[in-house]
Amino acid sequence: MLLRRAAISWKSFLQSQNYEVFMAEDGESALRQCLRLQPDLVLLHDTLPDVDGFDLCRRMTGNPLNQQTPIVLIKPSSDPADAARGREAGAADFWELAARSWKR
């Protein structure tokens with residue numbers, strides 16, 4: 001499952017590798033889809049319109065149905081503390097992307 005900002009570039013790539021991709025526009029719909037689909041992987045961008053990515057990760061991994069789902073937090077940040085915050089929130093990995101890659 002992909003969330004809005006990560007979705008555009010990753011969706012095409014993952015589909016070209018024969019993965020089934022589901023997208024969510026915001027945190028609440030991501031929570032609902034995670035419970036319904038129980039995906040193999042969640043790529044979660046930190047800047048969502050309705051919830052902080054770290055909090056959403058914590059909520060997803062706090063649910064017994066999704067505790068084993070690996071969540072990769074994607075954030076355009078160079079702050080080493082963010083990786084630690086991601087691990088504390090339950091993320092399996094933290095991908096730092098250059099801020100310029102998120103400009104439209």
Side-chain angles (χ1 to χ4, degrees):
M1 181 167 68
L2 297 171
L3 289 177
R4 186 175 57 121
R5 293 188 184 253
I8 295 171
S9 60
W10 286 102
K11 180 180 180 183
S12 296
F13 172 74
L14 292 169
Q15 286 177 329
S16 75
Q17 302 300 308
N18 296 317
Y19 287 98
E20 189 174 10
V21 178
F22 297 91
M23 295 174 27
E25 291 293 320
D26 56 43
E28 290 304 316
S29 64
L31 282 172
R32 286 191 304 273
Q33 284 194 48
C34 247
L35 291 174
R36 184 173 56 84
L37 300 169
Q38 296 182 11
D40 294 325
L41 174 68
V42 174
L43 299 179
L44 173 59
H45 192 276
D46 180 56
T47 54
L48 299 171
D50 62 338
V51 66
D52 174 80
F54 297 108
D55 291 335
L56 181 56
C57 182
R58 205 172 282 109
R59 289 173 65 189
M60 286 178 169
T61 59
N63 187 304
L65 291 176
N66 294 117
Q67 283 179 337
Q68 300 303 312
T69 303
I71 298 172
V72 176
L73 279 170
I74 302 171
K75 183 174 174 70
S77 168
S78 60
D79 185 354
D82 283 338
R85 285 181 63 205
R87 282 189 299 277
E88 290 169 7
D93 204 356
F94 180 87
W95 295 349
E96 176 189 327
L97 298 177
R100 69 179 181 283
S101 68
W102 295 104
K103 290 182 181 176
R104 292 181 188 223

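These values consider heavy atoms only, across backbone and side chains, with no hydrogens, waters or symmetry-generated copies.
Atom CG of D50 is separated from atom CD of E25 by 10.5 Å, given to the nearest 0.5 angstrom. Of the inter-residue distances, the one linking R87 atom CZ with D82 atom CG reads 10.5 Å to the nearest 0.5 angstrom.
A heavy-atom distance below 4.5 Å is not found between the side chains of E20 and L37. Inter-residue side-chain proximity for L31 and L56 is flagged as met; some heavy-atom pair is nearer than 4.5 Å. At least one side-chain heavy atom of F94 sits less than 4.5 Å from a side-chain heavy atom of K75.
Screening residues 60-70 for side chain to side chain donor-acceptor pair (under 3.5 Å) gives no qualifying pairs among residues at least two apart or on separate chains.
A continuous path of hydrophobic side-chain contacts links V21 to L41 [ILVMFWY only; heavy atoms under 4.5 Å]. No single ILVMFWY cluster, assembled from side-chain heavy atoms under 4.5 Å apart, contains both L35 and I71. A continuous path of hydrophobic side-chain contacts links Y19 to L43 [ILVMFWY only; heavy atoms under 4.5 Å].
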Subject >> D55/R58 under side-chain contact (heavy atoms from CB on, under 4.5 Å): CA gap, chis, key distance, verdict >> reply: CA-CA 5 Å; D55 291 335; R58 205 172 282 109; 2.8 Å; yes
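The two atoms that bring L73 and A91 nearest to each other are CD1-CB, 3.8 Å, heavy atoms only. Heavy atoms only, all atoms of each residue included: A24 and S29 are closest at CB-OG, 3.6 Å. What you find for G86 and F54 is that their closest heavy atoms are N-CE2, 3.5 Å. The two atoms that bring A92 and P70 nearest to each other are CB-CB, 3.9 Å, heavy atoms only.
Partners of E88 according to the side chain to side chain contact (heavy atoms under 4.5 Å, CB included) rule, which considers only residues two or more places apart in sequence or in another chain, do not exist here. Looking at residues two or more places apart in sequence or on another chain, you find a side chain to side chain contact (heavy atoms under 4.5 Å, CB included) between D93 and V72, W95.
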